[in-house]
Amino acid sequence: MSSVDANQTKDGFFAHVYEVVEQIPLGMVATYGQVATLAGGMGKARFVGFALHANPRPGIIPCHRVVFADGSLTSGFAFGGIDAQRRLLEGEGVNFLADGRVDLATCRWSAGT
DNA sequence: AATTTGACGCTTT
DNA sequence: AAAAGCGCCAAAT
């Protein structure tokens with residue numbers, strides 16, 4: 001055992017991802033790349049997806065608030081369908097574009113807001 | 001122990 | 001403007 005806590009060293013980057021995603025306020029969305037960057041891993045955007053799919057905290061981590069860099073939602077097999085996710089975000093107050101994309105221009109979350 | 005895959009993002013053709 | 005490929009690095013098999 002090192003001086004570090006044996007309680008936190010196991011997740012590393014993933015833990016940061018969960019932290020960041022949990023910080024996303026309602027009515028806002030963040031992109032995988034953005035979360036990855038905030039989590040301290042610029043370029044590890046894919047792991048953000050992995051981390052969210054792992055979903056260690058169902059109900060706590062609003063994975064549906066995390067979208068692609070261009071505002072599109074996850075490939076369809078997640079959440080039970082993009083339409084379901086879109087519905088959810090709309091219910092939270094997120095605006096959508098006619099293309100079926102999240103209006104990042106209005107709902108893009110920033111750290112510290 | 002090594003190889004393959006992976007909720008992505010960006011650059012290049 | 002659109003499509004394809006490459007890159008990141010860790011986890012799962």
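Values in this document were obtained by computation on a predicted structure and should not be read as measured data. All chains are named by letter (A, B, ...) in the order of the sequence lines, taking the proteins before the strands, and each is independently numbered beginning at 1. Just so it is clear, the values below take in all heavy atoms, side chains as well, and ignore hydrogens, waters and symmetry mates.
Within the 3.5 Å criterion, the main-chain N or O of A:T113 finds no donor-acceptor partner in the side chain of A:S110. Between the side chain of A:Q34 and the backbone N or O of A:W109, at least one donor-acceptor pair lies under 3.5 Å.
Applying the salt bridge (Lys or Arg N to Asp or Glu O under 4.0 Å) test to pairs two or more places apart or on separate chains, none has a residue in residues 12-29 of chain A.
Straight-line distance from the CZ atom of A:F79 to the C1' atom of B:dA7: 7 Å, rounded to whole Å. If you measure from atom CE of A:M42 to atom C1' of C:dG7, you get 15 Å, rounded to the nearest angstrom. Rounded to whole angstrom, the span from the CD1 atom of A:I61 across to the P atom of B:dA7 amounts to 16 Å. A:K44 places its NZ atom 22 Å from the P atom of B:dT5, with the value rounded to the nearest Å. The CZ atom of A:F14 sits 12 Å away from the P atom of B:dA7 (whole-angstrom rounding). Residue A:L52 contributes atom CG, which lies 17 Å from atom P of B:dG6 at whole-angstrom precision.
Counting heavy atoms from C-beta outward, A:L26 and A:R65 have side chains that approach closer than 4.5 Å.
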Protein N or O to nucleotides 9-13 of chain B N or O, pairs below 3.5 Å:
residue, atom, partner, partner atom, Å
B:dG9, OP1, A:Y32, N, 3.4
B:dG9, OP1, A:G33, N, 3.1
B:dG9, OP1, A:A69, N, 3.2
B:dG9, OP2, A:A69, N, 3.0

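In this structure A:R101 satisfies the side chain to side chain contact (heavy atoms under 4.5 Å, CB included) test together with A:D70, A:S72, A:L97, A:D99, sequence neighbours excluded.
Between A:F68 and A:Y32, the ring planes lie tilted relative to each other; the angle falls in the 30° to 60° range.
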